[in-house]
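Down below is the structure, laid out as structure tokens.
These values consider heavy atoms only, across backbone and side chains, with no hydrogens, waters or symmetry-generated copies.
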Amino acid sequence: QVQLVESGGGLVQAGESLKLSCTTSGIIFTFNTMGWYRLAPGKQRELVATISYDGTTNAADSVKGRFTISGNNAKGTVILQMNSLIPEDTGVYYCYADDFKYDYWGQGTQVTVSS
């Protein structure tokens, strides 16, 4: 009964920062990959950033240099530090994790960036 719970979303002005957190409830040993996806109005769901069990990170070109992902896959926690936010970052951000067999998704947290 693994559950991912996100927090930290909100409404901010362009140029400001937000920190998204994802924590896990339930029994896990370790996640292979954790990360964040987002769904913006009028767009398809897209990858924002991921972190693997060995610490390897990846990020979308649109957020490189502005967003930083960190976490501990064994503990089931992942953080997305979002700096220099722009209106195009607006969307619902979903925490993601997989444990080699199953994929897990959080309920999402809304991020709105106003100009």
Side-chain angles (χ1 to χ4, degrees):
Q1 298 184 359
V2 172
Q3 291 183 297
L4 305 178
V5 181
E6 306 102 330
S7 63
L11 192 157
V12 297
Q13 293 181 315
E16 296 183 341
S17 298
L18 281 174
K19 182 179 180 180
L20 304 184
S21 298
C22 178
T23 59
T24 303
S25 64
I27 301 174
I28 61 170
F29 292 98
T30 186
F31 287 125
N32 181 52
T33 304
M34 297 192 73
W36 296 88
Y37 289 73
R38 67 186 180 189
L39 181 62
K43 297 182 179 180
Q44 295 182 327
R45 185 179 63 185
E46 65 174 340
L47 172 72
V48 178
T50 60
I51 182 168
S52 298
Y53 69 94
D54 63 356
T56 301
T57 60
N58 289 288
D61 289 341
S62 60
V63 306
K64 287 181 178 177
R66 299 188 298 116
F67 293 8
T68 301
I69 189 169
S70 61
N72 187 320
N73 289 13
K75 295 181 178 180
T77 61
V78 62
I79 303 295
L80 185 68
Q81 178 65 50
M82 305 186 295
N83 298 325
S84 301
L85 285 161
I86 58 177
E88 289 77 10
D89 294 321
T90 294
V92 180
Y93 285 68
Y94 297 91
C95 181
Y96 165 86
D98 78 79
D99 63 2
F100 299 101
K101 184 174 178 63
Y102 298 109
D103 294 343
Y104 307 95
W105 294 91
Q107 293 297 307
T109 184
Q110 177 70 44
V111 172
T112 302
V113 184
S114 65
S115 59

Separation of [Y] [atom2] from [X] [atom1] (nearest 0.5 Å):
{"X": "Thr24", "Y": "Tyr104", "atom1": "OG1", "atom2": "OH", "result": "9.5 Å"}
{"X": "Lys75", "Y": "Thr23", "atom1": "NZ", "atom2": "OG1", "result": "13.0 Å"}
{"X": "Leu4", "Y": "Thr77", "atom1": "CG", "atom2": "OG1", "result": "11.0 Å"}
{"X": "Ile51", "Y": "Asn32", "atom1": "CD1", "atom2": "CG", "result": "11.5 Å"}
{"X": "Phe67", "Y": "Leu20", "atom1": "CZ", "atom2": "CG", "result": "8.0 Å"}
{"X": "Gln3", "Y": "Gln1", "atom1": "CD", "atom2": "CD", "result": "7.5 Å"}

Non-hydrogen atoms of [X] and [Y] that approach each other most closely:
{"X": "Val113", "Y": "Gln13", "answer": "CG1-C, 4.0 Å"}
{"X": "Asp99", "Y": "Thr30", "answer": "CB-O, 4.0 Å"}
{"X": "Ala49", "Y": "Leu80", "answer": "CB-CD1, 4.3 Å"}
{"X": "Thr33", "Y": "Ser52", "answer": "OG1-OG, 4.0 Å"}
{"X": "Cys22", "Y": "Trp36", "answer": "CB-CZ2, 3.7 Å"}
{"X": "Ala14", "Y": "Pro87", "answer": "CB-CD, 4.2 Å"}

Does the side chain of [Y] come within less than 4.5 Å of [X]'s, by heavy atoms?
{"X": "Ile69", "Y": "Met34", "result": "no"}
{"X": "Leu18", "Y": "Tyr93", "result": "no"}
{"X": "Val111", "Y": "Met82", "result": "yes"}

Within 6.0 angstrom of Tyr102 OH, more than 12 heavy atoms from elsewhere: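 Counting neighbours around OH of Tyr102, 12 or fewer heavy atoms of other residues, nucleotides or ligands fall under 6.0 Å, so no.
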
Glu46, CD atom: more than 12 neighbouring heavy atoms under 6.0 Å: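 Check passes, neighbour count above 12.
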
Derivation and outcome, side-chain contact (heavy atoms from CB on, under 4.5 Å), residues Gln110 and Thr90: CA-CA 8 Å; Gln110 177 70 44; Thr90 294; 4.1 Å; yes

Side-chain hydrophobic cluster, 4.5 Å single linkage: members besides Tyr94: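 Other cluster members: Tyr37, Leu39, Leu47, Val92, Tyr96, Trp105.
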
Glu6 side chain vs Gly108 backbone, donor-acceptor pair below 3.5 Å: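 Flag set: sc Glu6 to bb Gly108 pair under 3.5 Å.
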
